[in-house]
Undergrad: 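Right, I'll just put the structure down here and ask away after.
Any value given below was found using the heavy atoms of this structure, including those in side chains, with hydrogens, waters and symmetry copies removed.
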Protein chains: 2
Amino acid sequence: MKKITILDIARELNITFSTVARALNDHPAISTNTKALVRETAERLGYTRNKIASSLRSGKTKVIGLIVPRLELSFFSSVIHGIEHVINANGYTLLLYQSRESIKREIKGIETFLQLQVDGIIASISLETTSYKHFTDLRKQKVPLLLFDRIIENADIPYVSINDYKGGFMATEHLIKQGYKDIVIISTNHKISIFQERLKGSIDALKFYNLPIREDLIFYGNPSREFGESCIRQLYQNGEKFDGIVTPEDYTALGAIQALKSYGLKVPEDVGVIGFANEAFGDYITPRLTTIDQQNIAMGEQAASLFVKLIKSPDFYAQPIPKIIIDPILIPRESSVRKS
Amino acid sequence: MKKITILDIARELNITFSTVARALNDHPAISTNTKALVRETAERLGYTRNKIASSLRSGKTKVIGLIVPRLELSFFSSVIHGIEHVINANGYTLLLYQSRESIKREIKGIETFLQLQVDGIIASISLETTSYKHFTDLRKQKVPLLLFDRIIENADIPYVSINDYKGGFMATEHLIKQGYKDIVIISTNHKISIFQERLKGSIDALKFYNLPIREDLIFYGNPSREFGESCIRQLYQNGEKFDGIVTPEDYTALGAIQALKSYGLKVPEDVGVIGFANEAFGDYITPRLTTIDQQNIAMGEQAASLFVKLIKSPDFYAQPIPKIIIDPILIPRESSVRKS
DNA sequence: CTGAAAGCGCTAACAA
DNA sequence: TTGTTAGCGCTTTCAG
């Protein structure tokens, strides 16, 4: 079965293919009658528009490339939900690429997208990414780029993110207000700004409430269940006194809780734990995990809306570069709330 | 900054653009010298191949469309991991579309993919899907299609799946062997074959071990946490005697466990529960959830490998249609193992 | 080993 | 309101 083109439809109706093209694109200068005829014939012959051809000609693909670190994090799958919704509603299709936290793959993804002539790229950078050339180059090439959550600050690239400083502050403040005093801060050794901001927020919260900043209670590592466990192990082995744990994200918190349990410590009675990101599993575990919500779907929708808006304007990178900062929300659950 | 094309490179080197094209495609009839020269110039000028143009000409896009119900299920994100790996290694790119369990969106996804001239489609059907025309039509149009996990049987479409009958049997048998006797089977009201097979397997296990099949202990609904809870609530309200629960997937099992807990019943002491799919959260909850693993990554890799193999053959739908059936694996964890 | 030339299916400017 | 025509950037056949 040969593929049907506008030429086939034209031949069938004894008109030229450009009339057919116009009819299919709902061009105002075509009679309603011809349009109906063309549509009907298209339907009957089983015509499918060849977007490749129209993209080549028009220079627009109506495809947006999306780079996320990994789909396994429910944060990203929810954001995608939001993005996809808005993007599709505006006639765009999403092309997805996972960097798997590798800068090499991130670069590969951008390359692939450029070859495919995507109309723009939305991305959240990998944990490994410390050099930003592959992103700043896009700006030079005038390829629309918008970052979300894991953003690059001061790069004149539009972004949507949460106020991570505030999130860190809120998380720590929450533990303090629940009466926890010796607070361990688990942070990361990644240079990514969101984690740095969260850490700053945590430290400022301690300061604000006149609690000492103890370097021996601050950990730096690769956020993960394993790292959460290992921090608790170290604390335990060093005989440190502590009763609260602030983590950079929920998996680290999960690991911490599991390790605490294994040492016979009760959460939240003996130790309060708070995560970050509101991963889906946090609501299922025992005790249910207190965390900071990043308004995932809203973040996705706002990112996509902003992107769509900018891409319509004559210069995507016109000054000032818009930056949307969303407020984090504290989700208090069992892991940090002592039954009084 | 104007986009660089092979013409620019040709002009720069005083050769024709067709030589440049051949050089870039590593054509055997081009001297190593010219190739080097062309590559170097391409690099220097910042050339990016326009895949849209080459796709239009060659009729191949090297893009595979993937339709999954939803990314939030870790089963799908893991399978995607496997698929992406193999697909990329073979020079293809993945275009992702979520049906969100809606047949309407599923059809929309296929349409989008066809317009984009993807080289083929890999899909797992939505729960809502009972009519298969949009899939069987692909076969008629000779568009390569491969299904995984949620497949359509007897449609002459290649697929990769697990032996769901065996999975259902194993799950039920496991509970029986653990000493549970009054076993509730939660199934679904979806027509999808995988759930039907699991149910059959469960029932046959009861038969095999000479346990009665009690229709009042079989539930049909929409697999979800809520449905799991509601089944337990009904059982409780009806005063049914039961001590084992087989579920169609892990979220239903999660709901069941939570409801059981709320009624003061202990899992696994009073009631044993087994899930299906080995969702990531199952390992985090208390008690840790016994489940059936579907070898997600392997499934993805096998699906992609088979697809790549078939797409290279002259006729994708040549008889016999290959079907790969993977063995399910029982993952015994706390929710079904009584400490003796 | 390289060049010339046709054309993939569509959009859009210009004519009529 | 419709037709004519020229490409978009590349692949590929046929010549040389």
Undergrad: Do the rings of F76(A) and F148(A) sit parallel, tilted or perpendicular, given the 30° and 60° boundaries?
TA: perpendicular
Undergrad: Would S74(A) and S77(A) satisfy side-chain hydrogen bond (donor to acceptor under 3.5 Å, both in side chains), going step by step from the backbone distance to the final call?
TA: CA-CA 5 Å; S74(A) 71; S77(A) 42; 5.4 Å; no
Undergrad: Grab the two heavy atoms, one from Y159(B) and one from L146(B), that are nearest each other, plus how far apart they are.
TA: CA-CG, 4.5 Å
Undergrad: What's the closest nucleotide to the T16(A) side chain, out of dT4(D), dT5(D), dT11(D)?
TA: dT4(D)
Undergrad: Between E128(B) and R105(B) (salt bridge meaning N to carboxylate O under 4.0 Å), is one present in this structure?
TA: no
Undergrad: Rounded to whole angstroms, how far apart are CG on N25(A) and C1' on dT2(D)?
TA: 15 Å
Undergrad: Whole angstrom is fine here: how far is it from NZ in K51(B) over to P in dC10(D)?
TA: 13 Å
Undergrad: Base, sugar-phosphate, or nothing for S18(A), non-hydrogen atoms under 4.0 angstrom?
TA: base
Undergrad: Axis-to-axis angle across the helix from dC1(C)-dG16(D) to dA16(C)-dT1(D), five pairs an end, to 10 degrees?
TA: 40°
Undergrad: T34(A) near the nucleic acid: base, sugar-phosphate alone, or nothing, with a heavy-atom cut-off under 4.0 Å?
TA: sugar-phosphate
Undergrad: Which nucleotide in the list dA6(D), dC10(D), dT1(D) gets nearest to the side chain of F17(A)?
TA: dA6(D)
Undergrad: Give I52(A) one of three labels, base, sugar-phosphate or nothing, depending on what nucleic acid heavy atoms sit under 4.0 Å from its own.
TA: nothing
Undergrad: Could you check how far CD1 of I6(B) sits from P of dC8(D), rounded to whole Å?
TA: 12 Å
Undergrad: Which heavy atom in R39(A) sits nearest to a heavy atom in D26(A), and how many Å separate them?
TA: NH2-OD1, 3.3 Å
Undergrad: If I compare all heavy atoms of P69(B) with all of R150(B), which pair ends up nearest, and what's the gap?
TA: CG-NH1, 3.2 Å
Undergrad: Has R57(A) got a side-chain N or O lying under 4.0 Å from the OP1 or OP2 atom of dT5(D)?
TA: no
Undergrad: I'd like the 5' and 3' limits of the part of DNA chain C contacted by chain B, with heavy-atom contacts below 4.0 Å.
TA: dC1(C) to dG9(C)
Undergrad: Determine the minimum heavy-atom distance between Q98(B) and L71(B), stating which atoms define it.
TA: OE1-N, 3.2 Å
Undergrad: Just checking R22(A): base, sugar-phosphate only, or nothing, at a heavy-atom cut-off of under 4.0 Å?
TA: base
Undergrad: Grab the CG-P distance between L56(A) and dG7(D) for me, whole Å please.
TA: 14 Å
Undergrad: Could you state the CG-C1' distance from L24(B) to dG9(D), rounded to the nearest angstrom?
TA: 12 Å
Undergrad: For K3(B) and dC10(D), give me the distance from atom NZ to atom P, rounded to whole Å.
TA: 11 Å
Undergrad: Would you call R100(A) and E72(A) a salt bridge, using N to O less than 4.0 angstrom?
TA: yes
Undergrad: Assign L7(B) to base, sugar-phosphate, or nothing according to its heavy-atom contacts below 4.0 angstrom with the strands shown.
TA: nothing
Undergrad: Which residues pass the side chain to side chain contact (heavy atoms under 4.5 Å, CB included) test with K191(A), sequence neighbours left out?
TA: T130(A)
